[in-house]
Amino acid sequence: MTGTHQTLALVLFSVFVAVTLGITTWVSRHRHGSAEEFYAGGRLFSPLENGFAIAGDYMSAASFLGISGLIALYGYDGMLYSVGFLVAWLVVLLLVAELVRNCGRFTLADVVAARMAERPVRIAAGTSSVAVSVLYLVAQMVGAGSLVALLLGGSSEAARSWTVIGVGALMVIYVSLGGMRATTWIQIVKAVLLMAGTIALTVLVLLRFHGDVNSLLSTAAERSGHGLGFLAPGLRYGGDWTARLDFISLGLALVLGTAGLPHILSRFYTVPTARAARRSVVWSIGLIGSFYLMTIVLGFGAAALIGPDEVRASNASGNTAVPLLALDLGGGAGSTGGTVLFAIVAAVAFATILAVVAGITLASSASVAHDLYASLRRRHAKQYSEVAVARVAAAGIGATAIGLGLLARDLNVAFLVGLAFAVAASANLPVLLYSLFWRKFTTRGAVWSVYGGLIPAVLLVLLSPVVSGSPESLFPGVDFHLFPLQNPGAVSIPLGFLAGWIGTVTSPEPPDEARHAETEVRALTGAGAV
């Protein structure tokens with residue numbers, strides 16, 4: 001990579017960082033220091049603003065870098081991520097958006113604790129929320145490292161490591177100083193930049209093929225070395241029964257996991273009413289839907305114009321396919337157009353990572369302070385002390401994500417996010433749905449549901465080929481994998497639902513019918529909602 005690429009991209013990085021730090025500083029001077037201000041931005045955002053912020057939260061490095069890379073390497077099978085991420089929003093819209101806004105205050109645990117014994121439920125839900133958030137953060141850190149490695153010619157492992165550390169430090173600053181209001185505006189700015197960059201690249205790819213999508217696909221298939229098999233299912237997930245089960249497992253995790261992601265659920269509390277929450281989801285579906293359709297064009301465009309071999313040579317997991325595509329579309333290496341377009345795309349991707357990690361860190365620090373700390377010290381925890389704990393928690397979570405991001409730097413970011421979705425679907429979704437829709441659900445059922453999904457999901461990941469037993473593993477030199485699938489969703493999601501049912505039917509406490517009725521009325525009508 002030439003010095004011009006590096007200089008221009010670093011200038012654009014710096015501009016975005018300066019703008020976002022300016023927003024954070026401005027917000028920090030106007031904040032009131034209350035928990036509602038820090039966690040929910042004072043509930044002052046409109047549906048349009050929140051829709052852009054949700055889209056900004058959701059369109060992560062996995063979406064922009066990882067999915068396009070997987071499509072460039074595996075064709076049709078890589079499209080599963082685009083389809084899964086998009087279909088997941090229908091689950092959110094139909095089942096949880098409005099009900100969660102009516103029942104909760106700041107976190108997932110608020111919804112469940114509305115009709116249960118608060119302390120054990122908050123501790124369980126807070127623990128699972130932090131676990132999901134850390135997994136998701138690791139994916140963003142890996143994306144940042146891959147991007148800067150490409151920018152610097154892939155020669156400096158030290159630069160890659162310092163990038164991960166720098167991203168972690170910035171996200172702690174955003175969250176600690178600005179809270180939800182600053183994080184939301186950063187998401188909105190990032191969503192606009194990302195949509196503009198993606199639209200520009202998509203138009204350039206289609207212009208290169210004169211608007212002929214068939215020509216684009218046939219060129220991609222020819223360049224891939226797999227022929228028409230590149231456009232058919234089976235290249236990544238069709239080899240044997242294990243690969244096919246992995247396909248089903250990943251699909252379940254992607255479709256069901258979104259409704260259990262803490263940083264997405266917390267977005268519904270930033271608007272004044274449940275109707276506004278539903279309208280913001282509709283706005284976000286339009287933005288996210290168009291974005292994922294464009295990632296398909298970019299993925300096949302990278303396969304057709306760059307070729308899977310060159311993409312894999314740059315980054316084994318395909319995370320750098322889009323920046324390489326931008327370089328080619330602008331005129332190739334050494335050209336002014338290529339330099340400018342590459343730098344813009346690299347800066348947008350970096351902005352994407354910074355914005356998403358801020359949102360996830362805020363949600364996880366809220367879980368630590370509002371659920372775990374407030375449960376353990378409920379009598380002594382006042383609003384100001386809770387916010388202070390959230391700021392300290394942001395620093396601890398950032399340090400953890402940095403360490404794991406350095407460890408997992410060679411894995412595909414979309415794949416890593418798939419694991420986070422599996423844990424969210426296993427631990428958070430069952431307890432959320434049971435709490436909203438099952439009249440006989442009890443405290444024991446809620447606690448068992450969370451741990452019954454969380455513990456198997458994490459254990460199965462640790463015992464899977466992701467961690468050991470293959471050249472692409474976190475620890476390629478050892479082999480202690482016992483579970484054949486890379487994504488645990490097909491096993492851990494049913495276990496989460498089953499554990500919740502068993503815990504409820506064996507519980508000595510009778511279900512609180514009155515509190516369920518109160519919660520149901522509140523969820524459906526908004527009466528009494530905060």
Side-chain angles (χ1 to χ4, degrees), residues 12-13 15-24 27 41 44-68 82 85-86 88-89 92-93 97 136 139-140 143-144 147 167 170-171 174-175 178-203 258 261 263-271 276-277 279-295 297-298 322 344-363 413-414 417:
L12 292 172
F13 288 170
V15 168
F16 180 81
V17 170
V19 169
T20 52
L21 285 175
I23 292 171
T24 304
V27 168
L44 298 174
F45 292 99
S46 69
L48 175 61
E49 290 168 344
N50 198 43
F52 267 89
I54 290 173
D57 239 343
Y58 198 63
M59 297 184 304
S60 65
S63 306
F64 192 52
L65 301 176
I67 292 176
S68 301
S82 290
F85 284 146
L86 180 55
W89 271 105
V92 176
L93 177 64
Y136 211 115
Q140 311 309 314
L147 194 65
V167 170
L170 280 170
M171 77 186 187
Y174 291 147
V175 172
M180 178 59 88
R181 191 172 296 182
T183 302
T184 301
W185 282 111
I186 292 168
Q187 302 289 11
I188 292 169
V189 171
K190 166 257 172 137
V192 172
L193 289 174
L194 184 60
M195 287 298 293
T198 309
I199 289 168
L201 286 179
T202 302
V203 169
T258 301
L261 290 176
H263 66 292
I264 298 297
L265 294 175
S266 66
R267 282 258 150 246
F268 300 135
Y269 301 125
T270 63
V271 288
R279 286 175 61 201
S280 31
V281 175
V282 173
W283 274 107
S284 65
I285 284 177
L287 292 165
I288 292 166
S290 56
F291 172 77
Y292 281 120
L293 287 174
M294 290 187 287
T295 62
V297 176
L298 298 185
V322 172
I344 290 172
V345 167
V348 167
F350 199 70
T352 296
I353 291 163
L354 284 178
V356 171
V357 296
I360 302 166
T361 306
L362 178 62
V413 286
V417 165

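For this chain, numbers begin at 1 and follow the sequence in order.
What you find for Val271 and Ser46 is that their closest heavy atoms are CG1-O, 4.2 Å. Nearest heavy atoms, Ser284 versus Gly51: CB-O, 3.5 Å.
A distance of 12.5 Å separates OG of Ser280 from CZ of Phe52, quoted to the nearest 0.5 Å. Distance CZ/Phe45 to OG1/Thr184: 4.0 Å, rounded to 0.5 Å. Note that CE of Met59 and CD1 of Ile67 are 11.5 Å apart. Values are rounded to the nearest 0.5 Å. Rounded to the nearest 0.5 Å, atoms OG (Ser82) and CE (Met294) are 11.0 Å apart. To the nearest 0.5 Å, atoms CG (Leu293) and CG (Leu298) are separated by 11.0 Å.
For the pair Trp283/Ile54, no side-chain contact is recorded, criterion being any heavy-atom separation below 4.5 Å from C-beta on. Looking only at side-chain heavy atoms (C-beta outward), Glu49 and Ile188 come within less than 4.5 Å of each other.
Dense packing is recorded around CZ of Phe291, with more than 12 heavy atoms of other residues, nucleotides or ligands lying under 6.0 Å away.
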